[in-house]
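One structure is given below, encoded as structure tokens.
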Amino acid sequence: MMDILDRAFPVDPSDLLPPVSPDTAVFWEGLAKGRLQVQVCDSCSKSRFPVAPVCPHCGATGWQWRALSERGQVHSWVRYRRSFLPEFADVMPYVVACVEFPEGVRMFGWLVDAPKDGAVEIGAAVRAEAERWPDGRCVVRFRLAKLL
Ligand SMILES: [Zn+2]
């Protein structure tokens, strides 16, 4: 289970979230409970994200939901130095990371403890956590994993 953290926003960003569809409801409901899940194809067994009704690898339409590792590695990243939306003005500058999971899927999310300047190491270990937004839905964000 991922940690779920509430965050206060200067402006409610909830209308920025994509709509919930019958296909994506399980993903969103899982996140709200701290579960990170992706679809796994019934035919080729490959994981996929974002949620899609057809496997991008083999074209099959059957799938199961499966828990995803909550740890991944930074595949790429970008630092935003200008706030295009007032909802995120309180965290400037911020880094959005593309994180690759061992299951082969990638997700984008805020890397909350990235340095304000300087590079983020490609391949850095991160762990996923859920951030609860004002309307109760959660989004995935990442934190650099501490080596023990
Ligand atoms: Zn497939």
Side-chain angles (χ1 to χ4, degrees), residues 1-7 9 12-85 87-88 91-115 118-148:
M1 289 294 203
M2 295 183 297
D3 293 335
I4 301 176
L5 297 113
D6 293 301
R7 184 160 80 88
F9 287 91
D12 185 349
S14 299
D15 62 350
L16 298 174
L17 292 172
V20 178
S21 73
D23 286 341
T24 64
V26 170
F27 175 79
W28 293 109
E29 291 164 7
L31 266 186
K33 296 174 183 168
R35 284 196 308 262
L36 188 55
Q37 305 170 101
V38 295
Q39 295 167 289
V40 177
C41 177
D42 283 344
S43 179
C44 71
S45 301
K46 290 185 178 176
S47 300
R48 65 181 187 251
F49 185 83
V51 178
V54 175
C55 177
H57 307 286
C58 74
T61 57
W63 76 81
Q64 306 294 317
W65 289 97
R66 196 167 299 157
L68 188 65
S69 302
E70 293 168 7
R71 290 179 179 263
Q73 293 185 310
V74 173
H75 174 77
S76 65
W77 61 274
V78 63
R79 180 173 291 115
Y80 288 85
R81 295 189 181 277
R82 184 187 327 169
S83 179
F84 294 97
L85 297 168
E87 292 86 344
F88 304 109
V91 295
M92 300 303 300
Y94 64 90
V95 167
V96 172
C98 174
V99 171
E100 183 162 320
F101 291 86
E103 293 84 354
V105 298
R106 295 177 182 162
M107 290 186 184
F108 291 89
W110 178 27
L111 184 58
V112 297
D113 57 350
V120 175
E121 180 186 346
I122 299 301
V126 298
R127 65 180 169 82
E129 58 188 29
E131 178 179 279
R132 185 176 292 122
W133 285 23
D135 75 347
R137 289 170 71 189
C138 289
V139 300
V140 177
R141 68 184 199 181
F142 302 101
R143 189 172 297 274
L144 292 166
K146 305 288 185 249
L147 298 176
L148 297 176

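Order of listing sets the numbers, starting from 1, for every ligand and every atom in it. Numbers here simply count residues along the sequence, with the first being 1.
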Checklist line | Those residues that, when tested against Thr24, pass side-chain hydrogen bond (donor to acceptor under 3.5 Å, both in side chains) (two or more places apart) | finding: Ser21
Checklist line | Qualifying residue, where the test is side-chain contact (heavy atoms from CB on, under 4.5 Å) with Arg141 and the options are Leu5, Val126, Val96 | finding: Leu5
Margin query: Applying side chain to side chain contact (heavy atoms under 4.5 Å, CB included) to Leu16 and Glu87, what does each step give before you reach the verdict?
Written below: CA-CA 10 Å; Leu16 298 174; Glu87 292 86 344; 4.1 Å; yes
Checklist line | Residue-atom pairs from the protein, N, O or S only, that lie under 2.8 Å from the Zn ion (ligand 1) | finding: Cys41 SG, Cys44 SG, Cys55 SG, Cys58 SG
Check: Can you tell me how far SG of Cys55 sits from CZ of Arg48, rounded to the nearest 0.5 angstrom?
Finding: 5.5 Å
Check: Does Tyr80 OH have over 12 foreign heavy atoms under 6.0 Å away?
Finding: no
Next item on the list: Salt-bridge test for Glu131 and Arg7: reply yes if a basic N is under 4.0 Å from a carboxylate O, no otherwise.
Entry: yes
